[in-house]
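Worksheet for the structure shown next.
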Amino acid sequence: MVALRSLLLAGRLSVSTQQAVTRGLNAVAFALACWVWLLLVAVAAGITGWIAGASAGVAAAAALALAPALAGFALVVHLGGRVADAGWISVWLLGATALIMLTGGASSPL
């Protein structure tokens, strides 16, 4: 441990044992999560449309489920700020509420 500390102190890099290890939002990981969500919703909508037949209900549900990922792409550079975070959470909550309403509410067998 002493050798590592002396090696780090010999360089020009500032070293502090008091700095936080964690960093802010990782935009690449966030964008990747949005892409995964987009892909999974598209696959689920495709399978549902293939099994149940293409309908306006499947298209509406897919559009509502895709909204958070698309909003995430639009807000990825602004996330970390209060307004962008609140906007993205609002899109998730509104999308989830609309999907629950579309499928029959809390009493739905889904």
Side-chain angles (χ1 to χ4, degrees):
M1 180 72 172
V2 174
L4 178 61
R5 184 173 290 185
S6 63
L7 179 64
L8 289 173
L9 293 175
R12 292 182 288 178
L13 181 64
S14 173
V15 178
S16 172
T17 58
Q18 303 301 316
Q19 291 178 344
V21 175
T22 59
R23 297 178 188 226
L25 175 72
N26 186 350
V28 174
F30 179 78
L32 180 64
C34 287
W35 276 112
V36 169
W37 179 259
L38 186 88
L39 177 69
L40 291 176
V41 168
V43 167
I47 291 171
T48 303
W50 180 63
I51 291 173
S55 69
V58 173
L64 286 171
L66 289 175
L70 299 176
F73 291 136
L75 295 173
V76 70
V77 295
H78 302 292
L79 285 176
R82 287 184 178 183
V83 174
D85 290 349
W88 195 62
I89 290 171
S90 297
V91 169
W92 269 105
L93 292 175
L94 288 173
T97 303
L99 285 171
I100 290 170
M101 290 172 33
L102 185 68
T103 59
S107 62
S108 172
L110 293 177

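We number each residue from 1, following the sequence as shown.
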* Asked: G87 and L75: which non-hydrogen atoms are nearest, and at how many Å?
  -> C-CD1, 4.4 Å
* Structure fact -> Closest heavy-atom pair, C34 versus A69, reported as atoms and distance to 0.1 Å, is O-CB, 3.6 Å
* Go through the structure and list residues passing side-chain contact (heavy atoms from CB on, under 4.5 Å) with A71, not counting sequence neighbours. => W88, V91
* To do: Please go through V43's hydrophobic cluster and name the other residues, only I, L, V, M, F, W, Y counting, with side-chain heavy atoms under 4.5 Å joining them.
  => L39, I47, W50, I51
* Structure fact -> Heavy-atom closest pair (V58 atom, A45 atom, distance to 0.1 Å) is CG1-O, 3.8 Å
* Pairing residues for A61 by the side-chain contact (heavy atoms from CB on, under 4.5 Å) criterion, not counting sequence neighbours -> L99, L102
* Asked: Crowded around W35 CH2? As in, over 12 foreign heavy atoms under 6.0 Å?
  -> no
* To do: Go through the structure and list residues passing side-chain contact (heavy atoms from CB on, under 4.5 Å) with L94, not counting sequence neighbours.
  => none
* Same cluster or not: are L70 and L40 linked, directly or through other Ile, Leu, Val, Met, Phe, Trp or Tyr residues, by side-chain heavy atoms under 4.5 angstrom apart? -> no
* Can you name the side-chain contact (heavy atoms from CB on, under 4.5 Å) partners of V77, sequence neighbours left out? -> none
* Structure fact -> Connected to V83, directly or through other members, by ILVMFWY side-chain contacts below 4.5 Å are none
* To do: Look only at the side chain of D85 and the backbone of L79, and say whether a donor-acceptor pair between them is shorter than 3.5 Å.
  => no
* Measure across S90 and A86 and return the closest heavy-atom pair with its distance rounded to 0.1 Å. => OG-O, 2.7 Å
* **Joint cluster assignment, I89 & W37, ILVMFWY side-chain distance < 4.5 Å** => no
* Structure fact -> Note: A98 and L64 closest approach over all heavy atoms is CB-CD1, 3.6 Å
